[in-house]
Amino acid sequence: MTGADALDTADPDGDGIPNLFERAMFLSPTVADSGLPVTVGDASADGLAVTYRVAKNQSDLTVNLLLSRDLDTWTPLAPGSSDPSHPDYTLHTVTVETSPEAGFLRIEVFR
């Protein structure tokens with residue numbers, strides 16, 4: 001890709017996922033995807049398991065999963081486990097403590 005289609009914020013395939021996220025999650029910026037490769041398991045006594053992948057060939061990018069209880073303060077969550085067995089990406093799993101308070105998750109990608 002060249003020109004405006006190559007920008008981090010561009011979405012040449014029109015799937016709503018900007019190029020920077022597509023690179024970080026090992027998706028193709030030229031093929032429309034149906035969603036981000038993030039899964040959320042059922043809540044258990046340990047909490048809520050959130051699994052996301054990070055491309056191995058994108059060492060210039062940092063991917064964080066963050067938690068907020070008020071949408072003002074965001075706290076990075078460290079993966080509890082990582083599975084590097086796939087040749088192209090590593091699966092990270094974070095267990096988020098459940099509580100009676102509302103909680104919000106977001107994934108950030110930056111250089």
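Between Pro29 and Asn19, the shortest heavy-atom distance links the atoms CB-OD1, 3.1 Å. For Arg69 against Leu67, the heavy-atom pair with the smallest separation is NH2-CD2, 4.0 Å. Listed here is the closest heavy atom pair of His92 and Pro79: ND1-CG, 3.8 Å. Nearest heavy-atom pair, Glu22 versus Val31, reported as atom, atom and distance to 0.1 Å: OE1-O, 4.4 Å. Across all non-hydrogen atoms, the minimal contact from Asn64 to Leu66 is O-CD1, 3.8 Å. Nearest heavy atoms, Val50 versus Val40: CG2-CG2, 4.4 Å.
Interatomic distance, CZ of Phe26 versus NE2 of His86, reported as 7.0 Å (0.5 Å rounding). For the atom pair Thr9 OG1 and Leu7 CG, the distance stands at 5.0 Å (nearest 0.5 Å). To the nearest 0.5 Å, atom CZ of residue Phe104 and atom OG of residue Ser68 are 7.0 Å apart.
The side-chain heavy atoms of Arg23 and Asp60, taken from C-beta on, include a pair separated by under 4.5 Å. Between Leu27 and Arg53 there is a side-chain heavy-atom pair separated by less than 4.5 Å. Residues Tyr52 and Val63 have side chains in contact (heavy-atom distance under 4.5 Å, counting atoms from C-beta outward). In this structure the side chain of Ser81 reaches within 4.5 angstrom of the side chain of Thr93, judged on heavy atoms.
Hydrophobic cluster membership is shared by Val38 and Leu105, with clusters built from Ile, Leu, Val, Met, Phe, Trp and Tyr side chains linked at under 4.5 angstrom. No path of Ile, Leu, Val, Met, Phe, Trp and Tyr side chains, each step under 4.5 Å between heavy atoms, connects Phe21 with Leu91, placing them in separate hydrophobic clusters. A single hydrophobic cluster is not seen to contain both Trp74 and Leu77; linkage of ILVMFWY side chains at heavy-atom distances under 4.5 Å, directly or through other members, places them apart. Under a hydrophobic-cluster definition in which Ile, Leu, Val, Met, Phe, Trp and Tyr are linked whenever side-chain heavy atoms come within less than 4.5 Å, directly or via other members, Leu61 and Ile17 are assigned to the same cluster. One hydrophobic cluster, built from ILVMFWY side chains closer than 4.5 Å, cannot hold both Tyr89 and Met25; they sit in different ones.
Here the side chain of Lys56 pairs a donor or acceptor atom with the backbone of Pro84 at under 3.5 angstrom.
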